[in-house]
Amino acid sequence: MALRTSAAIPTPTARSSFVSQPNAPSSSANPSQIPNTNAIMPPELEQTLSLLSSHRSVLGYILVARGHHPSIIRHSGVVFEGEQGKRYAAAVARIVESVQGGLEEVRGDDALTAAGGDADVDEVRFMRIRTKRHELMISPDDRYLLAVLHDPAT
């Protein structure tokens with residue numbers, strides 16, 4: 001996931017939370033027992049996530065590890081906390097997999113008619129889903145999914 005930021009942007013106080021992996025201590029546990037995922041975050045990504053969460057129209061973001069059971073790595077915003085956050089993570093993963101599967105189906109038909117051996121694989125880069133109240137922007141990567149929920153009216 002290539003996220004570009006300017007080095008001159010000051011980092012505001014982040015309103016983000018770390019969510020433990022399954023089988024890891026819960027966030028109500030002693031903070032010394034919770035793995036420090038902040039230490040492995042590149043500074044550019046940390047700055048970009050802080051910038052996202054500080055924008056007035058952003059209701060929150062969720063960073064999800066891809067896999068058979070998507071797990072929340074980090075989130076910001078009340079909308080992504082608790083069970084609702086888990087539902088959003090699963091829904092975002094299903095949406096991306098569904099769209100990717102559809103692209104593979106369409107591309108499979110094109111690959112059969114193409115006169116070359118190895119056809120280029122098309123992949124989802126960015127998605128915007130707009131509803132009456134919100135807009136969900138999803139940026140998938142090989143290992144992660146970043147979803148940002150915002151209110152376009154503000």
Side-chain angles (χ1 to χ4, degrees), residues 1-7 9 11-12 14-24 35 37-154:
M1 200 171 348
L3 299 174
R4 289 179 253 166
T5 62
S6 172
I9 298 173
T11 305
R15 295 178 287 148
S16 61
S17 302
F18 290 99
V19 176
S20 58
Q21 298 294 328
N23 303 329
T37 53
N38 193 25
I40 60 172
M41 295 288 257
E44 305 86 36
L45 181 58
E46 186 72 39
Q47 187 176 29
T48 300
L49 293 176
S50 294
L51 188 61
L52 272 174
S53 63
S54 68
H55 196 277
R56 69 184 180 112
S57 69
V58 171
L59 301 173
Y61 70 81
I62 189 167
L63 185 60
V64 179
R66 288 182 101 167
H68 184 62
H69 296 288
S71 59
I72 300 170
I73 297 172
R74 187 172 178 174
H75 76 278
S76 172
V78 177
V79 71
F80 292 124
E81 289 184 0
E83 287 301 314
Q84 187 170 354
K86 291 177 186 176
R87 284 193 302 269
Y88 263 105
V92 166
R94 280 194 315 268
I95 289 167
V96 171
E97 293 304 318
S98 177
V99 170
Q100 187 66 44
L103 284 175
E104 288 169 5
E105 262 183 48
V106 170
R107 186 62 186 169
D109 294 343
D110 291 345
L112 294 175
T113 60
D118 199 18
D120 291 331
V121 176
D122 205 1
E123 61 185 31
V124 177
R125 298 289 207 133
F126 187 79
M127 297 169 53
R128 290 176 82 150
I129 301 170
R130 182 113 182 223
T131 67
K132 285 183 179 180
R133 297 183 317 164
H134 298 114
E135 186 171 36
L136 181 66
M137 297 172 287
I138 305 170
S139 179
D141 186 62
D142 292 335
R143 298 183 313 169
Y144 308 104
L145 299 171
L146 174 64
V148 178
L149 184 69
H150 87 101
D151 182 358
T154 57

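Only heavy atoms go into these numbers, but all of them, side chains included; no hydrogens, no water, no symmetry mates.
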CD-OG distance between Glu81 and Ser76, expressed to the nearest 0.5 angstrom: 9.0 Å

Straight-line distance of Leu59 CG to His134 NE2, nearest 0.5 Å: 5.0 Å

Nearest-0.5 Å distance that lies between atom CG in Leu149 and atom OH in Tyr88: 4.5 Å

salt_bridge(Lys86, Glu83) N-O dist < 4.0 Å: yes

Interatomic spacing from CG in Leu63 to CG in Leu49 - rounded to 0.5 Å: 6.5 Å

Heavy-atom side-chain proximity of Leu103 to Glu123 below 4.5 angstrom: no

Qualifying residues under side-chain hydrogen bond (donor to acceptor under 3.5 Å, both in side chains), relative to Arg128, sequence neighbours excluded: Glu135

Partners meeting side chain to side chain contact (heavy atoms under 4.5 Å, CB included) with Arg66 (sequence neighbours left out): Val96, Glu97, Pro140, Leu145

Closest approach of Val58 to Val148 (non-hydrogen atoms, all atoms of both residues): CG1-CG1, 4.0 Å

Nearest-0.5 Å distance that lies between atom CG in Leu45 and atom CG in Leu146: 8.0 Å

Minimal non-hydrogen separation, Met137 against Phe126, with atom names: CB-CZ, 3.7 Å

Set of side chain to side chain contact (heavy atoms under 4.5 Å, CB included) partners for Ala89, sequence neighbours left out: Ile62, Val64, Ile72

Atom of Arg133, atom of Pro152 and distance for their closest heavy-atom approach: O-CD, 3.6 Å

Nearest-0.5 Å distance that lies between atom CZ in Arg125 and atom CG in Asp141: 10.0 Å

Salt bridge (charged side-chain N to carboxylate O under 4.0 Å, His left out) contacts in which one or both residues fall within residues 145-154, not counting sequence neighbours: none

For Arg87, salt bridge (Lys or Arg N to Asp or Glu O under 4.0 Å) partners two or more places apart: none

Residue pairs involving residues 48-58 (criterion salt bridge (charged side-chain N to carboxylate O under 4.0 Å, His left out); sequence neighbours excluded): none

